[in-house]
Structure formats: C-alpha cells, structure tokens
Amino acid sequence: MRFDIFTTLPQMFNGPLTESILKRAVQKGLLDIRLHDIRLWATDKHHTTDDYPYGGGAGMVMKPEPIFAAVEEVVGATREERGDTPIILLGPGGEVFNQRLAEDLARLPRLALICGHYEGVDERVREHLATRELSIGDYVLSGGEVAAMVVVDAVSRLVPGVIKAESRQDESHTSGLLEYPHYTRPAVFRDMPVPDVLIGGNHGAVDRWRREKALERTRRLRPDLVARWEE
Ligand code: ADE
C-alpha cells in the first residue's frame with residue numbers, strides 16, 4: 001500500500017515511520033510511505049506556505065497554491081488522474097477516525113494525506129482538492145502531522161502481512177468491544193495473583209472469562225460501545 005503524505009514538517013515523521021512494525025513492513029515492500037515537503041512547491045523566494053487570513057483574526061492560514069501544486073504533481077492533476085485515491089485532509093473539524101474507517105482505508109492501494117497547520121487551511125483545499133477530512137479525536141493538535149502518523153499506523157497494521165492476522169482478532173475495537181485483560185509470568189507478582197481460570201487449562205472457561213471481562217470493562221469505560229455492539 002502506498003501513502004503520499006503532504007507536510008511542511010517532513011522531519012517530524014522520522015521515528016514513528018522508521019521504527020518497529022512500520023519499518024519492517026516498508027523493508028518487506030508491503031508499505032511505500034512517501035513524504036512530500038509542501039514547501040518545495042512554494043514558488044516565492046522564501047517558500048511561503050502560509051499567509052494572513054482574509055477578514056482578519058488570529059493566526060495564519062495555509063496557502064492553497066503549494067498544496068494544490070504538490071498534490072497535482074504527485075497524485076494527479078485531474079480527478080480522472082487521481083482516480084479513486086482518497087485525498088484526506090487531517091484537521092480537528094473532520095469526521096472522527098475509528099477502526100471501521102481504518103479497515104475501509106486498508107483495502108485501498110493508495111492514500112494521500114494532507115497535514116493541515118496554523119489556524120487552518122484555505123477552504124478551497126477542503127472544497128476542491130480533499131475528498132474527505134479526518135480528525136483523530138475531539139481535541140486540537142498543533143498540526144495534522146501527528147494525526148497523519150496515527151492514520152498511517154492504524155491503517156498499515158491492517159494491510160495483509162504487516163502483522164500476524166491472529167494478533168488482530170481479539171484486540172480492542174475489532175470486535176466492537178474493548179479487549180480482555182492479559183497476564184504473563186510470574187503467576188504471583190507482589191501478592192497480585194493471575195486469575196486462576198487462566199492457569200487451569202480449561203480453554204472453554206478461559207474463552208468465557210475473557211468475553212465476560214471484555215464486556216464488563218467496556219460497560220464500565222465505554223458504555224457507548226456496548227450500546228452499538230448490542231444493536
Ligand atoms: N489537526 C489539529 N487537530 C487535529 C485533530 N484532532 N485531528 C486531525 N488533525 C488535527
């Protein structure tokens with residue numbers, strides 16, 4: 001799967017995309033993650049990517065020209081050339097990203113992500129270039145980069161071969177519930193024992209216990225998920 005990430009801060013992606021699971025997936029050729037510095041498409045001497053807002057107000061707004069030029073060169077200049085590749089703007093005003101959206105996006109061969117910044121992005125990017133806007137939650141980040149990393153990470157681990165399929169079956173949000181509790185050795189740590197049922201070797205009992213615990217935990221922490229799960 002290919003990701004094209006448009007950002008004014010490409011250095012920020014060192015680390016999250018170059019370590020661990022994503023690093024291995026890139027090495028194996030399962031992922032192709034390309035960073036594009038929007039600044040390179042700014043045509044003025046200072047490579048300006050932001051400007052004052054029309055109508056006044058605090059903060060700066062990302063200029064449309066370098067973003068359009070970058071996406072048009074890398075993904076395609078026309079809607080036909082861009083085909084079905086979603087062009088996703090990351091911003092706090094978007095649809096809230098979740099596991100279901102990650103699963104939908106992981107089925108596609110390619111995604112483009114635009115990292116918004118400053119007070120916002122010129123509305124023409126949202127209206128005429130982006131095909132959808134995603135937020136990673138109801139809080140405001142200092143820019144879309146961290147959000148893009150979250151989307152790339154959550155989508156990438158669903159691409160076949162990136163992690164073992166079994167690792168994903170029981171995890172939080174895949175089933176619609178939070179995950180059951182995990183334990184490893186020692187059987188007793190500082191007077192805190194592992195529940196007997198997990199040590200007993202009765203697989204049916206273990207499965208029942210895990211289902212109960214997942215439901216109990218989800219009821220306590222995320223009643224909204226239980227309501228949806230029961231529908
Ligand atoms: N940029 C700033 N806040 C954001 C958020 N919550 N999600 C995505 N992009 C953002």
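Remember, it's 1-based here, ligands and their atoms both numbered in the order they're listed. Computed from a predicted model, the values in this text were never measured in an experiment.
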Worksheet item: Can you name the residues that form a side-chain hydrogen bond (donor to acceptor under 3.5 Å, both in side chains) with Asp138, not counting sequence neighbours?
Response: none

Discussion item. Does the plane of the ring in Tyr183 sit parallel, tilted or perpendicular to the ring in Trp209? Use 30° and 60° as the thresholds.
Written reply: tilted

Worksheet item: Do His36 and Asp4 meet the criterion of a side-chain donor-acceptor pair at a distance under 3.5 Å?
Response: yes

Name each N or O atom in ligand 1 that is under 3.5 Å from a protein N or O, and give the partner atom and the distance.
unit_1: ligand 1; atom_1: 3 (N); unit_2: Leu141; atom_2: N; d: 2.9
unit_1: ligand 1; atom_1: 6 (N); unit_2: Gly137; atom_2: O; d: 3.1
unit_1: ligand 1; atom_1: 6 (N); unit_2: Tyr139; atom_2: O; d: 2.8
unit_1: ligand 1; atom_1: 7 (N); unit_2: Ile136; atom_2: N; d: 3.0
unit_1: ligand 1; atom_1: 9 (N); unit_2: Gly91; atom_2: N; d: 3.2

Discussion item. Checking side-chain polar atoms at under 3.5 Å, does Thr48 have a donor or acceptor matched by the opposite partner on Asp44?
Written reply: yes

Worksheet item: Got a donor-acceptor contact below 3.5 angstrom from the Arg82 side chain to the Gly76 backbone?
Response: yes

Worksheet item: Does any N or O in the side chain of Glu81 come within less than 3.5 Å of the main-chain N or O of Ala77, such that one atom is a donor and the other an acceptor?
Response: yes

